[in-house]
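Report on one structure; see the data block that follows.
Counting begins at 1 with the first residue of the sequence.
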Amino acid sequence: MEMKFFDKNICESCGASILKLADFGTNEDGTVNTEFCHDCYQKGKFIDHGITLEQKIE
């Protein structure tokens, strides 16, 4: 599967820019998740449990 990178790949959770393949999150099976960044989503789970939107923005 070929991934296409656009000027504006943005994490749907935190809004961070996703500029390279390593910036994408990962699904449970290790495949790339194109909706979320690696800071928010790893191995099929969100990793920021209990954080508020305001804390995430900071």
Side-chain angles (χ1 to χ4, degrees):
M1 174 174 81
E2 182 180 327
M3 293 192 65
K4 294 183 180 180
F5 289 89
F6 301 96
D7 291 336
K8 300 276 182 179
N9 286 313
I10 296 176
C11 176
E12 292 186 24
S13 179
C14 71
S17 295
I18 302 173
L19 303 175
K20 57 186 183 272
L21 187 59
D23 292 339
F24 285 102
T26 54
N27 295 313
E28 188 174 356
D29 63 0
T31 58
V32 173
N33 182 293
T34 58
E35 294 178 40
F36 306 110
C37 73
H38 71 279
D39 291 324
C40 291
Y41 200 75
Q42 295 178 9
K43 298 180 183 176
K45 296 181 181 179
F46 287 100
I47 59 171
D48 58 357
H49 299 288
I51 193 170
T52 66
L53 178 59
E54 289 78 20
Q55 290 169 322
K56 188 178 283 196
I57 291 170
E58 286 178 12

- Contacts of type side chain to side chain donor-acceptor pair (under 3.5 Å), residue Thr31, not counting sequence neighbours: Asn27, Asp29

- Indicate yes or no for a side-chain donor-acceptor contact from Ser17 to the backbone of Ile10 under 3.5 Å, with no hydrogens or angles considered. no

- Query: Would you say Phe24 and Asn33 make side-chain contact, with heavy atoms under 4.5 Å?
  - Reply: no

- Query: For the atom pair CG (Asp23) and CG (Asn9), what is the distance rounded to the nearest 0.5 Å?
  - Reply: 9.5 Å

- Query: For the residue pair Phe36 and Phe46, does the interplanar ring angle fall in the parallel (under 30°), tilted (30 to 60°) or perpendicular (over 60°) class?
  - Reply: perpendicular

- Mind checking the CD-CD spacing from Gln42 to Glu28? Nearest 0.5 Å is all I need. 13.5 Å

- Message: Is the shortest side-chain heavy-atom distance between Glu12 and Glu35 below 4.5 Å?
- Response: yes

- So do Cys37 and Ile18 actually touch side chain to side chain, heavy atoms under 4.5 Å? yes

